[in-house]
Amino acid sequence: ALPLAAGVSERALAFAMSGVVGALGFAAIAAFAWACGAPLLLAIASPLVLWLLDPIRWGFNYPILLLGAPHTYGMAGLAWVLLAISVLGAGRVRLGAFLLGMASAIHPSLGFWVGAVTVLCLLLDARWTRAHLSELAVGGAFGVAVAAISLAVHAASQTSGPPVDPAEVSRHMVAYMRDWDG
């Protein structure tokens, strides 16, 4: 909203945000490859290799869209949680916990579920968790605090719109449900 209020065109902002989401996806894939043990140069090259392989065309019914999609639906959230988990897996515990704590600000449902699964995994490896508990707590607390501030700013900036006739809402909802997808 701030760039739009400052006069940036919607088209320019859409291009910029798509670039940011793409960069986030590249960073997440590279971090994942690095966390899995790839040498640094291979990890850096892995997003480009994946993009060249064009996994969207592999025939999945529900594609996992990280790179090369014609839209950004869910890409930022998926890339963010992949980056958070990859950073944790690479041993950068405080940063990974921070990113994971912020995940619900990027994509609420993905942030919640990845957070819940991560907590379950941490409970299953109690020895590792005890050894890193302070880093997890500090990083996670800061991430959750940033997400909470983001939510508070969002809630405070909301305005109630004009009154709308419930019949009009129903008509639009029926059309949306009927025409949304082929």
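- A donor-acceptor pair under 3.5 Å is formed between the side chain of Ser46 and the backbone N or O of Ala43.
- Counting non-hydrogen atoms of other residues, nucleotides and ligands closer than 6.0 Å to CD of Glu168 gives a total above 12.
- If you take CD1 on Ile29 and CZ on Phe26, they are separated by 7.0 Å, rounding to the nearest 0.5 Å.
- Between the Ser86 side chain and the Ala35 main chain, no donor and acceptor come within less than 3.5 Å of each other.
- Residue Leu110 comes nearest to Gly77 through the heavy atom pair CD1-C, 3.6 Å, listed as atom of the first residue, atom of the second, then distance.
- Across Leu100 and Val114, no two heavy atoms sit closer than the pair CD1-CG1, 3.6 Å.
- Separation of atoms CD1 (Ile44) and CG (Leu40) is listed at 4.0 Å; rounding is to 0.5 Å.
- Atom CH2 of Trp128 is surrounded by more than 12 heavy atoms from other residues, nucleotides or ligands within 6.0 Å.
- With a 6.0 Å radius and a threshold of 12 heavy atoms from other residues, nucleotides or ligands, His154 has its NE2 atom at or below the threshold.
- The distance from atom CG of Leu88 to atom CG of Leu136, rounded to the nearest 0.5 Å, is 7.0 Å.
- Ser18 contributes a side-chain N or O that, together with a main-chain N or O of Ala14, makes up a donor-acceptor pair within less than 3.5 Å.
- Here the SG atom belonging to Cys121 is positioned 7.5 Å from the CD1 atom belonging to Ile85, to the nearest 0.5 angstrom.
- The shortest side-chain heavy-atom distance between Leu123 and Thr129 does not fall under the 4.5 Å cut-off.
- Rounding to the nearest 0.5 angstrom, the gap separating the CD1 atom in Ile106 from the CG atom in Leu24 is 8.0 Å.
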